[in-house]
Amino acid sequence: HTRTHPHPPTHTHTQHTNHSPLCVVHFDLRLFSPIHHPSGRMADSASVEKPVEFDSVESVLEAHVPPAELAFLRRVLYGAHTPSLLPSSPEEAASSPLKEAQELAASEDFELKVVAFPPAPAEQRRAPRLVRVCAIQHRTPAPTTAPFDEQYQAMEDRVRTLIRGAALAGANVVCLQEAWTMPFAFCTREKHWLEFAEPADSGRAFEFISELAHTHRMVIVSPILERDEEHADTIWNTAVVVGPDGRYIGKHRKNHIPRVGDFNESTYYMEGDTGHPVFDTPYGRIAINICYGRHHPLNWQMFGLNGAEIVFNPSATVGALSEPMWRIEARNAAIANSYYAVGINRVGTEYFPNEFTSGDRKPAHKDFGHFYGSSYVAGPDNTRTPSLSRTRDGVLVAELDLNRCRQVKDSWGMQMTARIPLYARSLTEYCKPTFKRQIVSATEPQKKSRSSTE
């Protein structure tokens with residue numbers, strides 16, 4: 001917290017020549033762990049305020065900030081403008097290629113955003129590489145008490161509609177949310193939810209997505225709960241990549257598994273074993289950093305070092321835990337690694353039949369919390385799109401030029417100045433049992449050098 005003093009404190013040793021306000025910032029290192037009271041004890045559920053489920057940050061700004069100031073805020077918050085490609089009047093809609101997509105969104109009650117990143121500067125030796133990427137977010141249509149086949153079918157029906165909307169908006173590469181075929185039941189620690197697990201390259205989800213990818217001639221990233229039947233029915237949190245011909249391209253298993261709050265995922269599966277694969281598709285080199293991996297900068301970095309141009313982050317995360325982090329993590333990764341990053345989160349609140357607890361001093365409860373959606377796309381040049389809604393199903397399509405990735409590498413030199421061998425040596429030392437932290441004490445007297453004593 002901060003306190004602003006109209007005059008310098010009387011105990012300061014610094015001489016001031018005016019009476020400018022002095023901002024004193026106090027840090028309590030205890031607050032850098034999970035939610036705490038200022039007293040230092042862990043917060044209980046009654047002390048944590050429930051979030052107000054407003055539609056989006058953008059809608060609040062638009063409702064309350066005057067146009068001139070709003071334009072300034074957008075520039076600061078989002079970088080360069082990403083204009084909407086949707087028609088804004090009935091006259092424009094009549095001749096727009098996006099008319100059918102808009103009509104579908106209206107009739108099927110989902111939000112549709114189609115935007116364009118600023119054109120990349122023209123090059124003499126490369127043609128533009130324009131691609132439309134898509135993030136799809138949705139709630140679980142059926143209650144968690146319904147039979148599993150009904151839940152699965154309801155999810156398929158909804159996703160079929162949303163992918164059709166993406167196709168009508170010209171999407172080339174689509175990514176669904178984490179574990180899209182099921183409710184995010186890993187909070188419960190109940191094992192019967194594992195009935196939703198299936199093989200990556202031959203299960204029900206693959207057959208369903210393969211048909212849609214082939215029909216719409218698009219690449220689809222399908223995050224599922226995988227059952228590896230060839231290896232003792234081991235369970236994994238996996239993203240499957242399907243090509244525009246409907247064929248299986250490959251998969252990536254989630255690298256980082258959370259152990260915080262109700263994220264009890266390690267009850268079901270452990271850290272993945274597929275490294276950091278990048279999939280070379282007709283629409284660019286893509287990778288998938290699944291959910292919790294977005295909190296680990298090196299995870300993002302390795303996809304970039306392996307040549308990714310677009311990294312999707314399919315997620316399932318709730319407002320009370322991570323929302324302030326959500327808007328910056330994928331954007332930071334895009335900037336640091338000179339690629340496009342796409343954050344995707346489900347929406348709604350899922351209620352389960354039985355109460356559960358997670359050893360975090362909260363009373364038993366039946367819901368995980370509100371999944372706040374807010375999917376967005378971030379570019380390597382610090383530009384990002386507005387978010388989808390916090391409360392509605394949505395399809396976000398962003399047109400971008402993959403040439404921008406190399407152009408930003410050339411102009412900013414992030415990779416050239418990364419000093420990767422330095423960190424490789426440091427990390428190698430850190431992994432040794434004999435590692436000692438490089439801390440220089442300010443309280444202990446330092447040895448004098450020969451030069452200082454002569």
Problem - Check: Y430/R425 side-chain N/O donor and acceptor closer than 3.5 Å - result: no
For residues 183-190, please give each side-chain donor-acceptor pair under 3.5 Å, one per line with the distance, not counting sequence neighbours.
| from | atom 1 | to | atom 2 | distance (Å) |
| --- | --- | --- | --- | --- |
| T188 | OG1 | A185 | O | 2.8 |
| T188 | OG1 | E190 | N | 3.2 |
| T188 | OG1 | W193 | NE1 | 3.3 |
| T188 | OG1 | Y268 | OH | 3.4 |
| R189 | NH2 | T357 | O | 2.4 |
| E190 | OE1 | W193 | NE1 | 3.2 |
| E190 | OE2 | N354 | ND2 | 2.8 |

Problem - No-hydrogen, no-angle side-chain donor-acceptor test under 3.5 Å, N289 and N313 - result: no
Completion exercise
Applying ring-ring contact (aromatic ring centres under 6.0 Å, His included) to F206 and not counting sequence neighbours gives none
Practice task
Look at the side chain of R404 and the backbone N and O of P119, then say whether any donor-acceptor pair between them is shorter than 3.5 Å.
Solution key: yes
Problem - Non-neighbouring partners of H295 that pass side chain to side chain donor-acceptor pair (under 3.5 Å), sequence neighbours left out - result: E329
Exercise for the section: Using a strict cut-off of less than 4.0 Å between a Lys/Arg side-chain nitrogen and an Asp/Glu carboxylate oxygen, indicate whether R346 and E350 qualify as a salt bridge. Expected result: yes
Practice task
Without swapping roles, check the side chain of D401 against the backbone of N403 for a donor-acceptor pair under 3.5 Å.
Solution key: yes
Problem - Pair R158 + D393, salt bridge at N-O below 4.0 Å - result: yes
Handout entry: Residues in salt bridge (charged side-chain N to carboxylate O under 4.0 Å, His left out) contact with R75, at least two apart in sequence or another chain
Key = none
Handout entry: Flag if over 12 foreign heavy atoms under 6.0 Å of CZ, R419
Key = no
Handout entry: Check: L104 and S107 side chains under 4.5 Å, non-hydrogen atoms
Key = yes
Problem - Exam field: side chain R217 to backbone N172, donor-acceptor pair closer than 3.5 Å - result: no
Exercise for the section: Answer with yes or no whether the side chains of Y423 and Q301 bring together a donor and an acceptor at under 3.5 Å. Expected result: no
Handout entry: NE2/H192: more than 12 non-hydrogen atoms of other groups inside 6.0 Å
Key = yes
Fill in the blank from the handout: Sorted by chain and residue number, the ring-ring contact (aromatic ring centres under 6.0 Å, His included) partners of H138 (sequence neighbours excluded) come out as none
Problem - Side-chain donor/acceptor of T281 to backbone N/O of Y283, under 3.5 Å - result: yes
Problem - Electrostatic pair R392-D109, nearest N-O below 4.0 angstrom - result: yes
Fill in the blank from the handout: residues 296-319 vs ring-ring contact (aromatic ring centres under 6.0 Å, His included), sequence neighbours excluded, gives H252-F303, H256-H296, H276-F303, Y292-H296
Problem - Lys NZ or Arg CZ of R390 over F54 ring: under 6.0 Å, within 45° - result: yes
Practice task
Please tell me if the side chains of I288 and V241 come closer than 4.5 Å, counting only heavy atoms from C-beta onward.
Solution key: yes
Exercise for the section: Could you tell me whether a side-chain N or O of T161 sits under 3.5 Å from a main-chain N or O of D157, the two making a donor and an acceptor? Expected result: yes
Problem - Residue pair S322 / T317, side-chain donor-acceptor N/O under 3.5 Å - result: yes
Practice task
With sequence neighbours left out, write down each residue that passes salt bridge (charged side-chain N to carboxylate O under 4.0 Å, His left out) with K113, or none if nothing qualifies.
Solution key: E111
Exercise for the section: State whether E62 and R74 are salt-bridged, where the test is any N-O pair (Lys NZ or Arg NE/NH1/NH2 against Asp/Glu carboxylate O) under 4.0 Å. Expected result: yes
Handout entry: Electrostatic pair R160-E211, nearest N-O below 4.0 angstrom
Key = yes
Exercise for the section: Would you please say whether a donor-acceptor pair under 3.5 Å links the side chains of Q151 and T140? Expected result: no
Practice task
Determine yes or no for a side-chain-to-main-chain donor-acceptor pair under 3.5 angstrom, with T443 supplying the side chain and S441 the backbone.
Solution key: no
Exercise for the section: Please identify each residue that fulfils salt bridge (charged side-chain N to carboxylate O under 4.0 Å, His left out) with E399, with sequence neighbours left out. Expected result: R132
Practice task
Check ring-ring contact (aromatic ring centres under 6.0 Å, His included) between F356 and all other residues, then give those that pass, not counting sequence neighbours.
Solution key: H365
Handout entry: Any I344 side-chain heavy atom under 4.5 Å of E178 side chain
Key = no
Completion exercise
side chain to side chain donor-acceptor pair (under 3.5 Å) filter on T349, not counting sequence neighbours, yields none
Exercise for the section: State whether the side chain of R384 and the backbone N or O of A330 hold a donor-acceptor pair below 3.5 Å, judged by distance alone. Expected result: no
Practice task
Could you list the residues that satisfy salt bridge (charged side-chain N to carboxylate O under 4.0 Å, His left out) with D280, not counting sequence neighbours?
Solution key: none
Problem - Electrostatic pair R253-E271, nearest N-O below 4.0 angstrom - result: no
Exercise for the section: May I ask you to decide whether E309 forms a salt bridge with K409, counting only side-chain N to carboxylate O separations under 4.0 Å? Expected result: no
Practice task
Measure from the side-chain N and O atoms of Q137 to the backbone N and O of S374, and report whether any donor-acceptor pair falls under 3.5 Å.
Solution key: yes
Handout entry: Results of ring-ring contact (aromatic ring centres under 6.0 Å, His included) for Y351 - residues two or more places apart only
Key = none
Problem - Y152 six-ring face occupied by R204 cation (under 6.0 Å, within 45°) - result: yes
Handout entry: Side chain S202, main chain P199, donor-acceptor under 3.5 Å
Key = no
Problem - Between S315 and N345, a side-chain donor and acceptor under 3.5 Å - result: no
